[in-house]
Every structure is written in structure tokens, then in C-alpha cells.
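Atoms within each ligand, like the ligands themselves, are counted from 1 in listed order.
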Amino acid sequence: MPDDSRAPVRTPPAIVKPIPAELMEDPGTGLDYGIRPDRMIGDITPVDRFFVRNHASTPRVDAVTWALRIEGDGVRRPVTYTYDELWRCFPLVSVVRTIECAGNRRRLFAEELGRPFTGVYWGRGAIGTAEWTGVRLRDLLDTAGITPAACDVMPEGLDAARGRRPLPLAKALADDTLLALGMNGEILPPDHGFPARVVVSGWLGAASVKWVGRIVVSERPLRAPWTTEDYVLITAAGTAPITGTPVASLVELPWAARLPAGPRIVRGTAYAGEDRVRSVDHRVDGGPWRPAVLDTPGGPGLWARWHFRWSPEPGDHTIEVRATDDRGRAQPAATPWNALGYCHNSVLVHPVTVF
Ligand SMILES: Nc1nc2c(c(=O)[nH]1)N[C@H]1C(S)=C(S)[C@@H](COP(=O)(O)O)O[C@H]1N2
Ligand SMILES: [Mo]
């Protein structure tokens with residue numbers, strides 16, 4: 001007789017989608033994977049290489065039994081929506097928005113400061129842009145009836161980490177704050193929040209809560225570990241929750257790069273959180289700054305793409321790219337220390353060997 005107790009135990013993988021080494025970087029946590037910047041193509045990041053940041057394994061949620069509950073003293077009456085009702089009862093909206101983890105580039109930040117951080121040692125790959133399709137959070141909250149004194153909205157995830165983070169009501173009601181059901185024309189993939197995730201335009205990735213099962217609306221300010229312990233800027237001046245992310249740019253070359261000599265086009269992206277990228281400059285080997293060409297202008301919550309032409313001679317070179325947002329804030333030469341290593345946006349000195 002077969003002895004079931006001796007069947008091999010199969011732990012489901014922490015991440016559902018394949019993580020091909022030729023597309024993704026592995027910072028070593030077993031839960032988080034970044035895109036390889038030299039494998040980016042175009043304005044939209046395909047799902048097969050969109051970075052994953054998970055505080056616990058991807059939960060397998062059954063959409064048939066799943067329901068979204070909206071409750072709290074900030075709504076007149078609690079409401080529950082099934083998956084089917086979300087699709088049927090609200091206008092579907094699509095927005096193209098970038099999501100960047102506040103810890104992006106932490107490994108480079110540690111190298112810049114010459115001191116370690118705890119937290120995921122991201123290279124440059126904790127960023128991506130997708131077309132998110134879903135329903136406006138505003139439309140959902142309106143049906144529940146927001147009370148005049150409501151001030152905070154907290155989506156809560158069904159993962160073992162119970163990922164959650166409060167949003168001020170005004171941000172929750174913004175035109176482009178969505179409860180997304182789809183990504184790049186597909187049903188939202190499990191690792192990116194199936195059946196439903198929030199997309200909070202221009203804010204750190206942690207605000208875009210995945211696998212949402214409940215949304216709490218409150219008449220008092222809400223706190224959660226992701227606004228008190230993590231995803232806060234801790235400096236000598238105090239502790240502040242991170243909201244938008246500062247202007248930064250990304251060169252779509254491996255770090256370090258090895259390239260054949262001769263003419264080529266260097267491409268990349270620049271992202272300024274809730275602001276717009278105004279311009280992108282570059283310099284080679286510490287020479288004069290010159291403008292890069294903006295191919296797609298991007299916008300608030302959406303990266304811009306740029307390029308410049310380069311015809312390097314053999315030898316060791318450096319490329320620096322410096323983006324400026326529409327409030328005139330440029331990437332700095334160095335990022336001031338903060339205890340958890342967030343929001344690194346220094347101009348990177350990209351090493352390139354030409355052969
Ligand atoms: N429920 C839940 N939501 C979450 C997380 C999580 O671990 N649990 N990670 C957050 C963080 S820190 C980031 S950067 C983004 C990453 O989204 P992605 O995995 O789709 O790229 O999801 C956010 N939403
Ligand atoms: Mo993140």
C-alpha cells in the first residue's frame with residue numbers, strides 16, 4: 001500500500017513566475033528579484049522581467065472565493081465586492097505607471113558610503129513600468145460613502161507579511177490611484193498582486209499594496225510597520241515616512257559594462273516620482289555635461305526614456321547620467337546617509353571597458 005506520509009514534501013516556490021537568470025538579478029533573499037537593466041526594452045517592462053519585491057511568499061489567492069472588504073469609521077457603511085463585481089460594476093481605467101522600490105540601488109549606496117545597510121541589497125533593478133488596468137480606488141470608496149472626517153485609507157495584503165501602508169485620503173482619491181486587476185494587458189500575475197493590487201502613482205513601491213483583501217478608511221491617522229519602522233527616512237533630523245521617490249536615472253548597460261569599440265546608442269530611463277523629468281544630461285570620462293535626447297517625455301509617476309550617441313575608443317571609460325525634475329532638482333553627486341539606505345539617487349559613475 002502506498003504510504004502517503006512518506007511522499008516527498010513539496011514546498012511551493014516563493015515566487016510563481018520563472019526567474020530567468022538572463023533577465024533578472026538575484027539580491028539573494030529568495031523573495032526579491034530585480035530586472036537586469038541591460039535587458040530593458042522600450043517604455044513598458046514585460047511581466048517576465050518585472051522586478052518582484054515580496055516580504056513573504058506570493059500567496060495563491062482563489063478569485064472565486066476572494067472578496068474585497070472596505071470598512072472602518074471613515075465609511076458610512078462597510079461594503080464587500082467579489083472579483084466579478086469589481087469587473088462588472090465600475091469603469092475600467094488604464095494608466096501607464098512606474099513602480100520603484102524605495103530601496104533600489106541600496107548596494108550602490110552602501111558602496112558610496114563605505115558602510116553596510118540591512119535590507120535587500122538591490123542593484124539598479126528594483127524599478128519597472130507597466131500598463132495597469134483596474135478600477136479607481138475613488139470609485140470603490142465613493143460607493144461605501146466616505147465620511148467628512150475621513151483622513152486615511154489603508155489597503156491590506158493577504159500575504160503572510162500582511163503588507164499594508166496608509167495613504168492620505170487625497171492620494172487615495174487621485175485620478176490615477178487604481179486597484180489594478182490587470183498588468184500589460186494580462187490578468188494581474190500572482191507575484192504582482194493577483195487578484196488585485198493598489199497602484200499609487202509616483203510613490204515608493206511599498207504603497208502599491210499587493211493581494212489586497214481589505215481597505216480600511218479611518219477618521220484618525222493610521223500607522224503601520226511600513227510607516228513607522230520600514231520605508232521611513234531615518235536621519236539625524238528624525239524619522240519620516242517616505243512618499244514620493246527622488247529623481248534618478250538608469251543606464252541600460254550591465255554594471256560594469258564591456259562593449260566593443262565603435263558607434264553605438266546608449267539608452268536608459270529617468271524617473272522623478274510624483275514629478276516630471278525635465279531633462280537628462282550625460283558626460284563621458286568626467287568631461288563636459290551634454291544633453292541626452294528625451295525619446296519619451298514620461299510624466300508624473302512615469303519614467304522618461306532617453307538616449308545619446310557614443311563612439312568610444314578602446315580602454316576604460318565612465319558614463320555619468322544626471323536627470324533633473326521639473327522643479328529643478330537634479331540628481332546629487334552624493335546621497336546623504338539615512339539609516340535604512342532608502343532613496344539613493346546619486347549620479348552613478350558607470351564603469352565601461354571598451355575593447
Ligand atoms: N501585500 C504586499 N504588498 C506589497 C509588498 C509585499 O511584500 N506585500 N511589497 C511592496 C514593495 S516594498 C514593493 S517595492 C512593491 C513591488 O511590487 P512588484 O513586486 O509588483 O514589483 O510591492 C509592494 N506591495
Ligand atoms: Mo519596496
Side-chain angles (χ1 to χ4, degrees), residues 14-17 19 23-25 27 29-35 40 44-61 66 68 97-106 109 117-132 134 154-167 177-184 186-216 224-227 229-233 241-245 271 273 303 340-344:
I15 308 294
V16 173
K17 71 180 180 182
I19 303 291
L23 299 179
M24 309 284 287
E25 290 178 338
T29 62
L31 289 171
D32 311 295
Y33 297 91
I35 184 173
M40 289 182 169
I44 302 277
T45 312
V47 169
D48 66 6
R49 68 206 80 164
F50 202 98
F51 83 99
V52 178
R53 170 69 178 115
N54 272 11
H55 291 71
S57 299
T58 293
R60 301 344 186 241
V61 181
W66 174 85
L68 171 67
R97 288 293 180 273
T98 300
I99 292 183
E100 180 175 34
C101 183
N104 200 15
R105 296 175 294 273
R106 186 181 279 115
F109 198 0
F117 289 115
T118 55
V120 182
Y121 257 34
W122 291 116
R124 300 169 295 142
I127 186 167
T129 295
E131 183 187 46
W132 306 99
M154 180 146 75
E156 199 176 281
L158 294 167
D159 50 333
R162 241 181 100 210
R164 59 197 188 280
R165 201 177 196 267
L167 282 173
T177 300
L178 299 194
L179 186 73
L181 306 170
M183 178 181 184
N184 294 346
E186 299 174 28
I187 294 299
L188 197 62
D191 301 309
H192 298 292
F194 179 83
R197 84 170 304 164
V198 173
V199 174
V200 181
S201 180
W203 281 36
L204 77 170
S208 291
V209 173
K210 304 191 278 188
W211 315 294
V212 176
R214 189 166 84 114
I215 299 175
V216 176
W226 290 1
T227 54
E229 291 158 36
D230 286 331
Y231 303 105
V232 287
L233 270 194
I242 298 164
T243 56
T245 52
Y271 178 57
W303 66 21
L340 301 179
Y342 291 122
C343 297
H344 179 260

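- Looking at heavy atoms from C-beta onward, F51 lies in side-chain contact with C101 at the 4.5 angstrom threshold.
- E25 has its side chain out of reach of I35: every pair of non-hydrogen atoms, C-beta onward, lies at least 4.5 Å apart.
- Both the sub-6.0 Å distance and the 45° axial angle are satisfied by R197 relative to the ring of W132.
- Counting heavy atoms from C-beta outward, Y271 and T245 have side chains that approach closer than 4.5 Å.
- In this structure, S57 OG and L31 CG are separated by 6.0 Å, a value rounded to the nearest 0.5 Å.
- Using a 4.5 Å cut-off on side-chain heavy atoms (C-beta onward), R106 and V120 make contact.
- For the pair R162/W211, no side-chain contact is recorded, criterion being any heavy-atom separation below 4.5 Å from C-beta on.
- The distance from ligand 1 to the heavy atoms of V52 drops below 4.0 Å at these ligand atoms: 19 (O).
- Short contacts between ligand 1 and V209, defined as distances under 4.0 Å to a heavy atom of the residue, involve ligand atoms 1 (N), 3 (N), 24 (N).
- Per-residue contacts place G157 under 4.0 angstrom from the following atoms of ligand 1 (heavy atoms of the residue considered): 1 (N).
- A salt bridge does not link E100 to R53: none of the charged side-chain nitrogens sits closer than 4.0 Å to a carboxylate oxygen.
- Looking only at heavy atoms of the protein, atom 15 (C) of ligand 1 is closest to G205 O, 3.5 Å.
- Looking only at heavy atoms of the protein, atom 10 (C) of ligand 1 is closest to A206 CA, 3.8 Å.
- Residue, atom and distance of the protein heavy atom nearest to atom 5 (C) of ligand 1 are W226 CH2, 3.5 Å.
- The nearest heavy-atom contact from the protein to atom 21 (O) of ligand 1 is F51 O, 2.6 Å.
- With hydrogens left out, the protein atom closest to atom 3 (N) of ligand 1 is K210 N, 2.9 Å, a heavy atom.
- Residue F50 has at least one heavy-atom neighbour below 4.0 Å for each of these atoms of ligand 1: 21 (O).
- Residues P166 and T227 have side chains in contact (heavy-atom distance under 4.5 Å, counting atoms from C-beta outward).
- Using a 4.0 Å cut-off to heavy atoms of S208, the atoms of ligand 1 that qualify are 22 (O), 23 (C), 24 (N).
- Heavy-atom contacts of C101 reach the following atoms of ligand 1: 14 (S) (cutoff under 4.0 Å).
- For the pair E100 and ligand 1, no heavy-atom separation below 4.0 Å is found.
- With a 4.0 Å heavy-atom cut-off, ligand 1 is reached by the side chain of R197 but not by its N, CA, C or O.
- Inter-residue side-chain proximity for W122 and D32 is flagged as met; some heavy-atom pair is nearer than 4.5 Å.
- Using a 4.0 Å cut-off between heavy atoms, Y33 makes no contact with ligand 1 at all.
- Protein heavy atom at the shortest distance from atom 7 (O) of ligand 1 is H55 ND1, 2.7 Å.
- The distance from ligand 1 to the heavy atoms of D159 drops below 4.0 Å at these ligand atoms: 1 (N), 2 (C), 6 (C), 7 (O), 8 (N).
- R53 O, 3.2 Å is the protein heavy atom nearest to atom 9 (N) of ligand 1.
- Counting the atoms of ligand 1 from 1 in the order shown, those under 4.0 Å from a heavy atom of N54 are 7 (O).
- R105 places no side-chain N or O within 3.5 Å of a backbone atom of Y121 that could act as its donor or acceptor partner.
- The shortest distance between side-chain heavy atoms of M154 and R214 does not fall below 4.5 Å.
- Of the protein's non-hydrogen atoms, Y231 OH, 3.0 Å is the one closest to atom 12 (S) of ligand 1.
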